[in-house]
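We name chains A, B, ... by the order of the sequence lines, and we start the count at 1 in each one.
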Amino acid sequence: MKYDFAKIEKKWQEYWEGNATFKTDIDRSKKKLYVLDMFPYPSGAGLHVGHPEGYTATDIYCRFERMRGLNVLHPMGWDAFGLPAERFAMQTNIHPRLTTEQNISTFRRQIKMLGLSYDWSREVNTTDPQYYKWTQWIFLKLYDSWYDSRIQRAMPIETLENELENHGTKKLGLSDSFGPEAWISKSRKEKHDFLAAFRLTYVSEVPVNWCEALGTVLANEEVPEWTEKGYTVERRPMKQWMMRITAFAERLLQDAEGLDWPASTLEMQRNWIGKSEGAEIEFPIKGDKRRIKVFTTRPDTVFGATFMVLAPEHPFVSAITSIDCRSKVQQYQSQSSKKSDIERGAEKEKSGVFTGAYAINPASKKEIPVWVADYVLMRYGTGAIMAVPGQDERDWEFAESYSLDILRTIQPPAEFEGKAYLGDGPAINSGFLNELHVEDAKSKISEWLEQNGVGRRVVTYKLRDWLFSRQRYWGEPIPIVHLEDGTMKPLAENDLPLELPELEKFQPSGTTESPLALATDWVNVVDRETGMKGRRETNTMPQWAGSCWYYLRYIDPHNVGEFCNREKEKDWMPIDLYIGGAEHAVLHLLYSRFWHKVLYDLGYVSTKEPFMKLRHQGTILGEDSRKMSKSRGNVINPDDIVAQYGADSMRLFEMFMGPLEDVKPWSTKGVEGVYRFLNRVWRLYVAEDGSLDLSLADVQPSTQLQRLFHQTVKKVSEDIASLRFNTAISQMMIFVNEATKMNQRPRTLMEQFVLLLSPFAPHLAEELWQKLGHTKSLAYERWPVFEPEKAIEETIEIVLQVNGKVRSRVQVPINTAEPDLVELALKDENVRKHLDGGRIARKVVVKNKLVNIVVEK
RNA sequence: GCCCGGAUGGCGGAAUUGGCAGACGCGCUAGCUUCAGGAGCUAGUGUCGGCAACGACGUGCAGGUUCAAGUCCUGUUCCGGGCACCA
């Protein structure tokens, strides 16, 4: 008879819910543990088998640590703003709120059917006005802050205003310097515009990826996702909200070092931030007062700079271009402006045009031509380079195409046959740098540049400011009003949340504004304070916004006065374990680290970093080892698996498939395997008629079974702690295989085994626990204690080798002395056969492991 | 192109520090049970040879270090992921 998982699972899910078994409150008598899952976007497709993988892993970990006496915070919620619901609304005119609510209901039902021990009283939903009130509040905190680079901290914008009133810009180290009187005499609008350049969130005209069909801009990192789906994305300059994440580049880089994260994820974040150290060098333009600033990581090669290249968008281009080159340059500029970065990169041959202008190489004093080419990017460094073809492959390629001078300034090794030489070597053709190797030459030239006022050491980052606005309806409204005098005004805190207006239709506005622009009653306002007419910001926030801080809201989800109480925050933060997909390795995990640091600087959170330990669950492939997709017809629906084998089997199988972080294929046969295992467990305890099996007896366990049990306690405990669930399960299988062979099973030990199994198969375990006579949930029972003395083997098998090959095995008492082991080996018949009368050159003995006799023949 | 990660039976995978390769599960084979199918139970299952004892070979490939290598070193091939004109 099979155990009735459907009945049992329903029963215990109702029990846990009815008894609020997993409701968590602060309990300072216990050590805290905060375990977080990346909350899902509730798509219309319902839960995917990939979701339960991470969720089961954290659930096992939480159940285990609860039984070991920790106070565990383990919440779940919904990342529910997003484009799919809005696109569905465009097609059907069904309000995205309705779609979202339905999807959430499905997800909630599916997640609950897995028996995960969440504290559901803490559920959050990013689309709930009571939640996004605080997303908007944090937005305003960023708006009302600036980054004081002198102390490397975000500070309230008032501190900047105070400083300007008292000292002007003197201490800020700006090129545009003025005194306090000048500040005070500025108009309201002038002050507003000046401060805007410092705020952590600001509006800027930037070239963006505009998608006409979606009616919105996309972040660079979102572009591939939509172009793959067949949408067209074009570049155009638009006014957009930005977040000054670049101010935090160094801290995001530095603080990542102390995190227990997968090395690959840390590496990706490092690459994304893209720190590079080098120098800025200024090149005077012949016949022009301006100087072209370049960034280079190889200032030591400056003597080899035989031409310069400006990005097509560089502000100097039109000014320095000679009359006869003008039309070609302009044509080139307009061509490039239409191309996206991806298109530019896709071109095989580098293109460019001569401006007719010349610059002076500050080191060699030679006149060098200035070109425009789109292999130089405006957004990186200074948007201009000194081209050093001798030591740079791109510059070499360009020089070859346009017959420009190539001068080696590093001596390549004699056997070097390539073009540009990037390696180390003595400097040549480089005046006072000659014979110095790269590192020394870098130091010397940097000093020289600084002394001569033509350059200085600098550090640059690839990281760009975060494009924060979207032209969508289904996102958090940005709580800003544009007043008729051209200034912006943030909403007061008690005017939050700024709720989304109701709309008749969810079509794009037809302009570059979001559909919110069509809600005229909502958009047009009069400022209470000044009486000025104003227009609400119609952009909304990107989906990342809500997920940037949700982990803080879980700590205090119903607080109406604060986003999160400070004392509670101190009690629970930081997050001890965070599990989610590797696809969020950079974006979500970098954006939330950024917001967290702002909140830290402003004194709202107590830790520098939110997520101390991070792991990714690996993708689950279809049974055919290909990515699951509808079109391939290899999608596994968790509902079907749970209906057929039960949630415990689903959980157990997903953990048994292999290491958590690995990519691994689904196997229905494999689910059957763990289902058989659970049935075997059931039959160890329950007779055919449903009563407790008679084989359970109040007898002393045999030493062998007791030993195996304690080995199992050790292995399962260690494996859960290190998230190696697959091997923990196989150890339990070994135990069950042994226990099955016995006619009488010691009851106390078998009870303890139920506890070991309970984090993995909680419904089955609860049912067995109850059948064993217990009246309440085992969720807070004490985890079985490993007793080393009970796990020790009395006898042990020793491997006998001759010349490293196993020739025999013997059973000996544990810790048998080494000489005795040698003696045993030499007496062994098969060993003697292989010694074959040869001279014994060496005897290697490893205690409790092996003897290896080395013979020469 | 660059940077990470990986490669172990028919399949998923296991193997603290170099110390019995293949735990556990799937599949397969045989037997018991059953009217039958299924389920359950028992035994076997890396390859080759052998009734067996046992022997040879065996962790992508080629070398090396070592008494001993899946594990360490050098080179190489393939697969997966990320980045990609970042000066």
Provide the distance between the two C1' atoms, one in rU42(B) and one in rG22(B), to the nearest whole Å. 23 Å

If a protein heavy atom is under 4.0 Å from the base, mark B; if only from the sugar-phosphate, S; if neither, -; do that for nucleotides 19-25 of chain B going 5' to 3'. BB--BBS

What's the gap between rA23(B) and rU8(B) when it is taken at their C1' atoms, as a whole Å value? 13 Å

Say we look at rG80(B) and rU29(B): how far apart would their P atoms be, to the nearest angstrom? 33 Å

Can you measure Met268(A) atom CE to rC3(B) atom P for me and round it to whole angstrom units? 17 Å

Nearest whole Å is fine: how far is rC83(B) P from Arg464(A) CZ? 17 Å

Between Ser351(A) and Tyr332(A), do the side chains contain a donor N or O and an acceptor N or O under 3.5 Å apart? yes

Span that lies between the P atom of rC11(B) and that of rG55(B), in whole angstrom: 28 Å

Ring centroid separation for Trp371(A) and Phe307(A), is it under 6.0 angstrom? no

The glycosidic conformation of rG37(B), counting syn as within 90° of 0 and anti otherwise, is anti

Base, sugar-phosphate or nothing for Asn830(A)? Non-hydrogen atoms, less than 4.0 Å. sugar-phosphate

Answer with yes or no whether the side chains of Asn830(A) and Ser808(A) bring together a donor and an acceptor at under 3.5 Å. no

Phosphate OP1/OP2 of rA68(B): any Arg842(A) side-chain N/O under 4.0 Å: no

State which residue, out of Asp300(A), Thr409(A), Thr301(A), fulfils the side-chain hydrogen bond (donor to acceptor under 3.5 Å, both in side chains) condition with Gln391(A). Thr409(A)

Tell me every residue that passes side-chain contact (heavy atoms from CB on, under 4.5 Å) with Lys669(A), counting only those two or more places apart in sequence or in another chain. Ser667(A), Glu672(A)

Between rG27(B) and rC35(B), how far apart are the two C1' atoms, rounded to whole Å? 28 Å

Of the nucleotides rC54(B), rA87(B), rC67(B), which has the atom closest to the Thr297(A) side chain? rA87(B)

Do Glu794(A) and Gln704(A) have side-chain atoms, one donor and one acceptor, less than 3.5 Å apart? no

Under 3.5 Å, side chain of Asp648(A) to main-chain N/O of Leu764(A), donor-acceptor pair present? yes

Residue from Phe653(A), Phe677(A), Tyr675(A) passing ring-ring contact (aromatic ring centres under 6.0 Å, His included) with Tyr645(A): Tyr675(A)

Just to confirm, is there a sub-4.0 Å distance from OP1 or OP2 of rG55(B) to any side-chain nitrogen or oxygen of His834(A)? yes

Interatomic distance, Glu623(A) CD vs rG27(B) C1' [rounded to whole Å]: 13 Å

For rA21(B) versus rC57(B), give the span between their P atoms, rounded off to a whole number of Å. 13 Å

Distance flag, aromatic centroids of Phe753(A) and Phe735(A), threshold under 6.0 Å: yes

Separation of atom CZ in Arg839(A) from atom P in rC67(B), rounded to whole Å: 14 Å

Rounded off to whole Å, could you give me the CG-to-C1' distance for the Leu621(A) and rC79(B) pair? 13 Å

What is the distance, rounded to the nearest whole Å, between atom CD of Glu661(A) and atom C1' of rC4(B)? 14 Å

When the P atoms of rU45(B) and rG25(B) are considered, how many whole Å apart are they? 14 Å

Would you kindly compare Lys714(A) and Tyr380(A) by the position of their nearest RNA chain B nucleotide and give the one closer to the 5′ end? Lys714(A)

Lys805(A) near the nucleic acid: base, sugar-phosphate alone, or nothing, with a heavy-atom cut-off under 4.0 Å? sugar-phosphate

Among rC83(B), rA87(B), rC67(B), find the nucleotide with the atom closest to the side chain of Val854(A). rC67(B)

Is the Phe398(A) to Tyr375(A) ring centre distance short of 6.0 Å? yes

How is Thr740(A) classified with respect to the nucleic acid when contacts are heavy atoms under 4.0 Å: base, sugar-phosphate, or nothing? nothing

Using atom P in both nucleotides, what's the gap between rG81(B) and rG75(B) to the nearest angstrom? 26 Å

Just the dot-bracket of RNA chain B, please: which string comes out with Watson-Crick or G-U pairs under 3.5 Å, [ ] for crossing, | for another strand? (((((((..(((......[....)))((((((.......))))))((((....))))..(((((..]....))))))))))))....

Measure the distance from CG on Asp662(A) to C1' on rU8(B) and round it to the nearest whole Å. 14 Å

Would you tell me whether Asp392(A) and Tyr421(A) have side-chain atoms, one donor and one acceptor, within less than 3.5 Å of each other? no

Counting side-chain heavy atoms from C-beta on, which of rG55(B), rG40(B), rC4(B) comes nearest to Arg807(A)? rG55(B)

Glu688(A) has an atom CD; how far is it from atom P of rC41(B), in whole Å? 12 Å

